[in-house]
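What follows is a set of notes on a single structure, which appears directly below.
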Amino acid sequence: MHAEMENPTVFVCRDHAVDPLLDEIADNLRSANVEVIRGPHSTPGSVLEYEPATFNALFGRAHVAMFSSRSRCSRAVLEASGQLRGIVNPTIGTETIDIAAANELGILIGHGAVRENYESMAEATVMLVLALMYQLHSVENILKGVKVKPPPGAEGALARMIKGSTVGIIGFGKIGQAVAKRLNAFGARVLANSRSLTAGTQGEGATAVSLETLLRESDVVIVAVAINSTSRKLIDKTAISLMKAGAYIVNIARGDAVDEIALIDALQSGRIGGAALDTFEVEPLPQSSPLRKMSNVILTPHMIGHSREVYEALVPAAMENIWRLLAGELPLYLRNPEGIEAFRQRVSRLKQAVEMR
């Protein structure tokens with residue numbers, strides 16, 4: 001354990017999707033004599049918004065606060081957290097945290113960007129690409145007698161090889177780079193689009209191109225962006241209209257990255273050949289969603305990359321992030337390095353305030 005602070009307090013949210021993980025972290029903290037404050041329960045299908053009347057009780061004494069992808073950490077929450085040194089999300093997503101406000105206030109964010117997380121997601125993503133290109137569902141249905149077996153020959157063949165195909169990756173962080181590395185081994189041509197890349201450059205197994213070029217040239221479009229004001233509904237009706245007829249979409253980012261209505265229209269019309277979706281605008285996916293009835297769609301409940309190895313790595317990473325922040329140190333997995341200087345100033349002020357008491 002890092003240098004201990006006196007009487008540390010940590011807020012740990014509740015999240016129906018990962019409560020066992022959060023409960024284990026809370027138990028570990030209590031075992032180390034850390035006071036733990038738990039938040040209200042979340043509801044499937046929505047993001048938990050904290051009521052201002054509860055801010056002081058939940059966050060007023062917290063030195064570190066843990067949120068999830070289904071609990072909102074707003075500017076108002078951060079401003080009400082006068083003792084806060086940092087935020088920890090046990091998983092990799094941080095789209096529910098107001099990062100700009102955290103930077104301004106000097107609050108660092110640690111998250112679960114463990115190697116196992118992005119490597120598992122990369123493996124799962126390639127699996128989804130293969131399942132689409134080799135028409136796994138259709139081949140299963142031929143065996144079951146639901147679909148007629150086509151005659152042998154190129155015209156009737158359902159499968160297409162990744163080798164020689166063009167795969168575009170939108171968002172080129174650790175997951176996108178790990179996917180590109182694996183696709184290179186298949187002999188794919190890999191294109192990438194990201195704010196961090198300059199069109200025309202090559203690196204990490206992909207050629208950087210504009211979003212329009214990626215959409216026009218890709219046989220498969222993989223959505224792996226972080227969610228922010230510019231990436232919400234990035235794949236909308238206009239973007240889909242630029243894609244090759246019969247191309248595939250794989251969304252492993254967040255449901256907000258794809259306009260679901262536009263996607264459904266394109267799937268129903270045959271404008272695109274199919275989709276593999278691990279995440280949706282509303283989770284869990286409503287039973288009434290037309291996506292559930294489509295034969296050209298692979299649906300998984302936002303857990304396709306959640307391997308045993310990921311879960312074994314997340315709790316130790318979260319604990320290490322918490323201990324470091326409590327000690328005034330940088331978290332092991334830092335989401336907002338741009339906030340480091342303001343963080344150091346904030347920790348210094350907090351320490352001085354304690355010493356003056």
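All heavy atoms count here, side chains included; hydrogens, waters and symmetry mates do not.
- A donor-acceptor contact shorter than 3.5 Å links the side chain of Asn193 to the backbone of Val209.
- Trp323 is listed as a side-chain neighbour of Leu29, based on a closest heavy-atom distance under 4.5 Å.
- Residues Leu211 and Ile170 are in side-chain contact: their nearest non-hydrogen atoms beyond the backbone lie under 4.5 Å apart.
- Among residue pairs with one or both ends in residues 258-277, none qualify as ring-ring contact (aromatic ring centres under 6.0 Å, His included); sequence neighbours excluded.
- Scanning all heavy atoms of the two residues, the minimum distance from Leu326 to Val64 falls at CD2-CG2, 3.6 Å.
- Side-chain contact annotation: Ser74 with Asp98, donor-acceptor N/O pair under 3.5 Å absent.
- No donor-acceptor pair closer than 3.5 Å links the side chain of Ser289 to the backbone N or O of Leu285.
- Judged purely by atom type and a 3.5 angstrom limit, Asn117 has no side-chain atom pairing as donor or acceptor with the backbone of Ala113.
- For the residue pair Asn228/Ser231, the side-chain donor-acceptor check at 3.5 Å is satisfied.
- In this structure, CG on Leu48 lies 8.0 Å from SG on Cys13, to the nearest 0.5 angstrom.
- Formation of a donor-acceptor pair under 3.5 Å by the Ser194 side chain with backbone atoms of Gly171 is not found in this model.
- Between Leu58 and Pro40, the shortest heavy-atom distance links the atoms CD1-CD, 4.1 Å.
- Judged as a ring-ring contact (aromatic ring centres under 6.0 Å, His included), the pairs with a partner in residues 8-38 (not counting sequence neighbours) are, in order, Phe11-Tyr50, Phe11-Phe59, Phe11-Phe67.
- Remark: side-chain polar atoms of Asn184 are paired, donor with acceptor, to backbone N or O of Gly205 under 3.5 angstrom.
- Following chains of ILVMFWY side-chain contacts shorter than 4.5 Å, one cannot reach Val114 starting from Ile304, and the two form parts of different hydrophobic clusters.
- One N or O on the side chain of Thr96 and one on the backbone of Ser68 form a donor-acceptor pair closer than 3.5 Å.
- Of the possible donor and acceptor atoms, none in the side chain of Glu123 sits under 3.5 Å from a partner among the backbone N and O of Ser120.
- Look at Asp27 and Arg30 and you find a salt bridge, because one of the NZ, NE, NH1 or NH2 atoms lies within 4.0 Å of a carboxylate O, short of that distance.
- Within the structure, the side-chain hydrogen bond (donor to acceptor under 3.5 Å, both in side chains) test picks out the following pairs touching residues 244-253 (sequence neighbours left out): Gln135-Tyr248, Asp219-Lys244.
- In this structure, Ser269 contributes its side chain and Asp265 its backbone to a donor-acceptor pair below 3.5 Å.
- Using a 4.0 Å cut-off between charged nitrogen and carboxylate oxygen, Arg216 and Glu212 count as a salt-bridge pair.
- No hydrogens or angles considered: a donor-acceptor pair under 3.5 Å links the side chains of Thr213 and Ser210.
- Ion pairing of Glu104 with Arg75 is present here, as a side-chain N (NZ or NE/NH1/NH2) and a carboxylate O approach within less than 4.0 Å.
- Considering only heavy atoms from C-beta on, His63 stays 4.5 Å or farther from Leu350 through its side chain.
- In this structure, Asn336 contributes its side chain and Ile107 its backbone to a donor-acceptor pair below 3.5 Å.
- Here the side chain of Glu260 pairs a donor or acceptor atom with the backbone of Glu281 at under 3.5 angstrom.
- Between His302 and Arg254, the closest side-chain pair of non-hydrogen atoms falls below 4.5 Å.
- A search for side chain to side chain donor-acceptor pair (under 3.5 Å) contacts involving Arg14 returns nothing, not counting sequence neighbours.
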Does the pair Glu217 and Met243 meet the rule for a side-chain contact (heavy atoms from CB on, under 4.5 Å), with working shown?
CA-CA 7 Å; Glu217 296 187 9; Met243 293 175 59; over 6 Å; no

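- Applying the ring-ring contact (aromatic ring centres under 6.0 Å, His included) rule to Tyr311 yields the partners His306; only residues at least two apart in sequence or on another chain are considered.
- The side-chain hydrogen bond (donor to acceptor under 3.5 Å, both in side chains) analysis of residues 161-183, with sequence neighbours excluded, yields the pairs Thr166-Arg189.
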